[in-house]
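Here the structure is laid out as structure tokens; the discussion comes afterwards.
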Amino acid sequence: MNERLRRIAQSLENARTVVVYCHTNPDGDTLACALAIYRALTLQGKTVEIFCDGYVPDKYAFFENADKITLPHKGVHDVGFAVDCSDLDRLGGAAKSFLSSSTTLAVDHHKSHSPFASAYFADATAAACAEIVYELLDGMNLVDNGVAALLFAGIVADSGCFQYPSTTKRTHEIACKLLNFDIDAPLIIYNVHRKIPQNVFNLKMRVLGKTKFFEDGKIAVVTFFAKDFDETGTRSSDTEGIISSAIDVDGVEIAFAVSEVADKNFKVSVRTKDYVDASDLASVFGGGGHDKAAGCRLNGYYEDVVDKLLKAARDRL
């Protein structure tokens, strides 16, 4: 095990009470990692909680113990363990609780990781944080069928079912090791990668039909207005994955998914192909992520937000 991971493992072994922290607007990777750690440590007899400043998306409700994830609340615990968080701000309203822990730990795979824990391990070459958590829990001899199913789901979620450029030989090797356990891989892949409720399907068709293209088709902008969510009975968390349909268009090098989450407040997802670093592009607006997938938040009128995104994109093209 990597020396930094060994230090994290030792802190977990010595702890009696642990709180695992997911990032805001949780995705499949952060949830799977947190729940895998929850299961592994709970079976060791430790007292474990999972805090998230946000609700579990419906598509991940099938994860074992997903109902154990709560909004942050007051309490005293030995260890606070953040998973898949690039910086303290990604914890949202859970940051104060995290910092109150006697020992703070973090594992992450974002290129833009900014250290915020007393002991951390960040590896931007991992396609999913679940790869790192596998190495941690495997080194502690804590991987069982339940843990394996969750970590496989996390890898499927963040690698786009092994499609994204971040997928490596190691990604496949870890997946193969997880497949040695008694898990239902086809069902996990269906639930995480392919299953879509009808209202989310309606949202997808509604917004993709209004996609705008710029710079001779090199830039695509998909927009989710508040009325789109209201009229389809969906939420901003239901936009996950829809941007892939835009970046997959031949000739598109940069795709933005702009979601209206509050008055004059927009969540932006960025996807790129060959020529642009998505993390660098998102960093212009205080965001970050990976080479080909990143995100940020912008405030202002919609037209101004799009103009800023287009300028930054054009500068990089």
Side-chain angles (χ1 to χ4, degrees), residues 23-30 53-54 57 84-92 110-114 157-158 160 164-166 200 203-204 206-215 217-230 232 234-249 252-273 275-317:
H23 60 66
T24 58
N25 301 307
D27 58 14
D29 191 23
T30 191
D53 185 19
D84 197 34
C85 297
S86 57
D87 55 52
L88 190 62
D89 287 344
R90 288 290 281 145
L91 293 175
H110 290 91
K111 179 181 178 180
S112 56
H113 185 84
S114 178
D158 243 32
Y164 297 159
S166 58
V200 178
L203 173 70
K204 180 178 180 178
R206 177 184 178 120
V207 299
L208 287 180
K210 301 175 183 177
T211 301
K212 295 181 179 180
F213 296 90
F214 303 88
E215 297 299 302
K218 294 184 177 67
I219 304 172
V221 179
V222 182
T223 303
F224 302 84
F225 290 111
K227 66 179 181 179
D228 295 317
F229 298 127
D230 292 341
T232 57
T234 55
R235 298 177 290 188
S236 61
S237 60
D238 292 318
T239 64
E240 184 180 343
I242 295 178
I243 192 175
S244 295
S245 296
I247 194 63
D248 286 346
V249 174
V252 172
E253 288 294 332
I254 302 172
F256 296 109
V258 183
S259 301
E260 184 180 14
V261 293
D263 184 39
K264 300 184 184 67
N265 181 255
F266 298 87
K267 180 181 75 172
V268 180
S269 294
V270 185
R271 298 293 183 271
T272 60
K273 279 185 184 157
Y275 306 116
V276 178
D277 184 327
S279 179
D280 171 67
L281 181 50
S283 71
V284 174
F285 308 103
H290 308 286
D291 288 345
K292 303 304 177 187
C296 58
R297 292 251 185 173
L298 280 85
N299 295 315
Y301 290 100
Y302 168 75
E303 293 78 8
D304 295 333
V305 165
V306 172
D307 283 346
K308 291 177 181 177
L309 293 172
L310 290 176
K311 181 182 184 306
R314 286 169 176 141
D315 288 345
R316 281 150 183 78
L317 284 174

Contact summary for [X] and [Y], nearest pair of heavy atoms:
| X | Y | result |
| --- | --- | --- |
| Ser236 | Val261 | CB-CG1, 4.0 Å |
| Thr211 | Ala220 | CG2-CB, 4.2 Å |
| Ser86 | His110 | CB-CB, 3.8 Å |
| Val222 | Ala246 | CG2-CB, 3.8 Å |
| Thr223 | Asp228 | O-OD2, 3.9 Å |
| Ile243 | Phe256 | CD1-C, 3.9 Å |

Are the side chains of [Y] and [X] in contact, using a 4.5 Å heavy-atom criterion?
| X | Y | value |
| --- | --- | --- |
| Phe224 | Asp238 | no |
| Lys264 | Tyr301 | yes |
| Lys212 | Val306 | no |

Report yes or no: does Glu260 contribute a side-chain atom to a donor-acceptor pair with the main-chain N or O of Ala226 at less than 3.5 Å? yes
Is there a donor-acceptor contact under 3.5 Å from the side chain of Asp248 to the main chain of Ser245?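 It does not hold such a pair.
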Take atom NZ in Lys204; do more than 12 heavy atoms of anything else shown fall under 6.0 Å from it? no
Extract all donor-acceptor atom pairs below 3.5 Å that involve side chains of residues 307-317 and protein atoms in other chains or at least two apart in sequence.
| from | atom 1 | to | atom 2 | distance (Å) |
| --- | --- | --- | --- | --- |
| Lys311 | NZ | Asp315 | OD2 | 3.1 |
| Arg314 | NE | Glu215 | OE2 | 2.7 |
| Arg316 | NE | Asp280 | OD2 | 2.8 |
| Arg316 | NH1 | Ala312 | O | 3.1 |

Run the numbers on Asp277 and Thr272 for side-chain contact (heavy atoms from CB on, under 4.5 Å), then give the verdict. CA-CA 7 Å; Asp277 184 327; Thr272 60; over 6 Å; no
Could I get the full list of salt bridge (Lys or Arg N to Asp or Glu O under 4.0 Å) partners for Asp27, not counting sequence neighbours? none
Name all residues meeting the salt bridge (Lys or Arg N to Asp or Glu O under 4.0 Å) criterion together with Asp304; count only those two or more places apart in sequence or in a different chain, and write none if there are none.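 For Asp304, no residue satisfies salt bridge (Lys or Arg N to Asp or Glu O under 4.0 Å) once neighbours in sequence are set aside.
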I'd like to check the side-chain hydrogen bond (donor to acceptor under 3.5 Å, both in side chains) partners of Arg90; sequence neighbours left out, ordered by chain and number.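 Partners of Arg90 under the side-chain hydrogen bond (donor to acceptor under 3.5 Å, both in side chains) test: His23, Thr24.
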Suppose we screen for side-chain hydrogen bond (donor to acceptor under 3.5 Å, both in side chains). Which residues come up paired with Thr232, at least two apart in sequence or across chains? Thr234
Let me have the donor-acceptor pairs involving side chains of residues 288-296, under 3.5 Å, with sequence neighbours excluded, atom names and distances please.
| from | atom 1 | to | atom 2 | distance (Å) |
| --- | --- | --- | --- | --- |
| His290 | ND1 | His109 | O | 3.4 |
| Asp291 | OD1 | Lys111 | NZ | 3.0 |
| Lys292 | NZ | Lys273 | O | 2.3 |

To the closest 0.5 Å, what do you measure between CD1 (Ile254) and CD1 (Ile247)?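 Here the interatomic distance stands at 8.0 Å.
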